[in-house]
There are 2 protein chains.
Amino acid sequence: MTEDATHPTTAGPPIGIGDLARHSGCKPETVRYYERIGLLPDATRSEGGQRRYDERTVRRLTFIRHARDFGFSIEAVRELLEMADHPEMPCDEVDAFAKHHLAEVESRLQRLAALRDELKRMVTQCAGGRVESCRIIEVLSDHRLYHQRGEHGGSNALR
Amino acid sequence: MTEDATHPTTAGPPIGIGDLARHSGCKPETVRYYERIGLLPDATRSEGGQRRYDERTVRRLTFIRHARDFGFSIEAVRELLEMADHPEMPCDEVDAFAKHHLAEVESRLQRLAALRDELKRMVTQCAGGRVESCRIIEVLSDHRLYHQRGEHGGSNALR
DNA sequence: CTAATCCCTGTAGCGACTAGAGGTTCAAGC
DNA sequence: GCTTGAACCTCTAGTCGCTACAGGGATTAG
C-alpha cells in the first residue's frame with residue numbers, strides 16, 4: 001500500500017538523496033550525516049558519483065527518524081538497528097532494551113500529561129486573566145511534580 | 001514543606017553554587033552557563049568573588065530545569081520566565097504561548113503513548129521469542145504511526 | 001545544447017551544555 | 001592563626017546531533 005504497485009515491494013527504480021529525504025522526512029544533509037556516522041550503509045553511487053537508494057533505505061531511515069523523534073539517542077537507535085538487522089537472534093536484547101527504556105518513557109509521559117492538562121486549562125480558562133493566576137509557572141517550579149501533584153502549596157515569585 | 005522552618009520562606013542564609021545546583025538538580029557549570037546567557041540574573045558575590053544564592057534562585061532554577069525537561073527550548077523558557085517575572089501583566093501572552101505549544105505537546109504525548117504500549121507489550125510478552133516477532137521495529141518503521149495504527153502490513157528488512 | 005536543478009565534498013556554525021586547565025577562596029580542624 | 005582540602009573562579013575547547021554554506025560537478029527537461 002505504501003509501495004509502488006509495479007514492483008513486488010523489494011526493488012524499484014533507485015532514487016536520489018533528495019527523494020529519500022522527502023520520503024522519510026529528513027534532510028539530505030542529515031542522510032549524509034547518518035551515512036558518515038554509520039547508521040546508514042555507504043550508499044551505492046551513480047556513474048557520476050551521486051548516491052542512489054532503494055525502498056529498503058526509505059524504511060530504514062523512516063525508522064531512524066521515528067526513533068529519534070521518540071527521544072532515543074543515536075546510540076540507542078544504533079542498538080535497535082543492530083537488532084533489526086539480525087531478526088534471527090533471540091529477543092533478550094530487545095527485551096532488555098525495552099525494560100531499560102520503559103520506566104523513563106512512562107515518567108516522561110506522566111509529566112508531559114501534567115503539562116498538557118495545564119496548557120489546556122490555560123487555553124480554555126485564561127482569557128482576560130492575569131499571569132499570577134496561571135498555574136503553569138507553579139506547576140513547573142514544583143519539586144513534587146516528579147512524584148505526584150498534591151494540593152498546591154503557595155510560592156509564586158521566581159526571582 | 002520544602003522550606004526551612006526557621007525562616008518564613010523568603011530569606012535564608014545564602015548558599016553557594018554547589019548547593020544551588022544540588023537543590024535544583026543541575027550542575028554548577030550549567031548554572032554559570034544560564035547566568036552567562038541571561039536566564040539567571042548575575043549572582044551576588046562573596047568578598048572573595050564566589051557566587052551566593054538565595055531560595056528564590058533555587059525556585060527559578062528548578063523551574064528552568066523542569067521546563068527544559070519538558071522539551072521547551074531555552075528561548076521558550078526565557079519567555080516563560082519573562083511572564084513569571086511580571087505577574088501583573090495580562091494573561092494574553094501566556095495564553096498565546098499555551099496555544100502554540102499545546103498541539104505539539106499533544107502529538108508528542110500520543111506518539112510517546114504508542115511507544116510505551118509497545119515497550120510494555122515487549123516486556124510482558126517477548127521472553128524467549130525472536131526479534132522478528134517484536135513489533136517495536138515495525139512500529140517505528142511505519143509511516144502511518146503519525147496518523148493511526150492500522151493492521152500491520154508486512155515489511156521486515158530495514159536495509 | 002543549455003539552463004535549471006540537483007548533488008558532491010569539506011568546513012564551519014549552532015544549541016545546550018560539559019569537561020578540563022590552572023589558579024583562588026573558603027571553612028573546618030588543629 | 002595556620003593549614004589543608006574541597007569548593008569555587010575564569011577561560012577555552014570539546015561534545016552531540018545536526019544544519020548551513022562555499023565552490024564545484026552531475027542530471028534532466030525543454
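Hydrogens, waters and symmetry mates are skipped; everything else that's a heavy atom, side chains included, is used. Letters A, B, ... mirror the listed sequences (proteins, then strands); counts begin at 1.
Along DNA chain C, the nucleotide closest to Pro28(A) and the one closest to Arg68(B) are compared, and the more 5′ of them pairs with Pro28(A). When each of Arg36(B) and Arg36(A) is assigned the nucleotide of DNA chain D with its nearest heavy atom, Arg36(B) is the one assigned upstream, toward the 5' end. Nearest-nucleotide positions on DNA chain D for Thr30(A) and Gly49(A) put Thr30(A) closer to the 5' end. Two residues, Lys27(B) and Ile74(B), neighbour DNA chain C, and the one matched to the more 5' nucleotide by heavy-atom proximity is Ile74(B).
Atom-to-atom, OH of Tyr33(B) to C1' of dA19(C) comes out at 15 Å; the value is rounded to the nearest Å. Across the protein-nucleic acid pair, Ile37(B) atom CD1 and dG15(C) atom C1' stand 9 Å apart, rounded to whole Å. Rounded to whole angstrom, the span from the CD1 atom of Ile17(A) across to the C1' atom of dT9(C) amounts to 12 Å. For Arg65(A) and dC18(D), the CZ to C1' distance is 15 Å, given to the nearest whole Å. The interatomic distance linking Tyr53(B) (OH) with dA7(D) (P) rounds to 16 Å, in whole Å. If you measure from atom CD of Glu35(B) to atom P of dA16(C), you get 18 Å, rounded to the nearest angstrom. Between the CG atom of Leu20(B) and the C1' atom of dC8(D) there is a distance of 13 Å, given to the nearest Å. Taking atom CZ of residue Arg52(B) and atom P of nucleotide dC8(D), one finds them 8 Å apart after rounding to whole Å.
Nearest heavy-atom pair, Pro28(B) versus Gly18(B), reported as atom, atom and distance to 0.1 Å: CG-CA, 4.5 Å. Residues Leu20(A) and Ser24(A) share a closest heavy-atom pair of O-OG, 2.7 Å.
Among dT27(D), dC9(D), dT9(C), the nucleotide with an atom closest to any side-chain atom of Arg45(A) is dT9(C). Proximity note for Glu29(B) (side chain, C-beta onward) versus dA19(C), dC18(D), dC26(C): the nearest is dA19(C). In the set dC9(D), dG17(D), dC26(C), the nucleotide with an atom closest to the side chain of Glu47(B) is dC26(C). Nearest to the side chain of Ser73(B), among dT27(D), dA16(C), dC9(D), sits dA16(C).
Classification of Asp85(B) and Arg60(B) as a salt-bridged pair holds, one side-chain N sitting under 4.0 Å from a carboxylate O. With respect to the salt-bridge test (charged N to carboxylate O, under 4.0 angstrom), the residues Asp54(B) and Arg59(B) do not qualify. Comment: Glu35(B) does not engage Arg32(B) in a salt bridge, judged by the lack of any side-chain N to carboxylate O separation of less than 4.0 angstrom.
Contact annotation: Arg51(B) does not reach the phosphate of dC8(D) (side-chain N/O to OP1 or OP2, under 4.0 Å). For dC18(D), the OP1/OP2 oxygens have a side-chain nitrogen or oxygen of Tyr34(A) closer than 4.0 Å. Proximity of Ser46(A) to the phosphate of dC7(C): no side-chain N or O atom is located under 4.0 Å from OP1 or OP2.
Arg32(B) comes within contact range of at least one nucleobase, with a heavy-atom separation under 4.0 Å.
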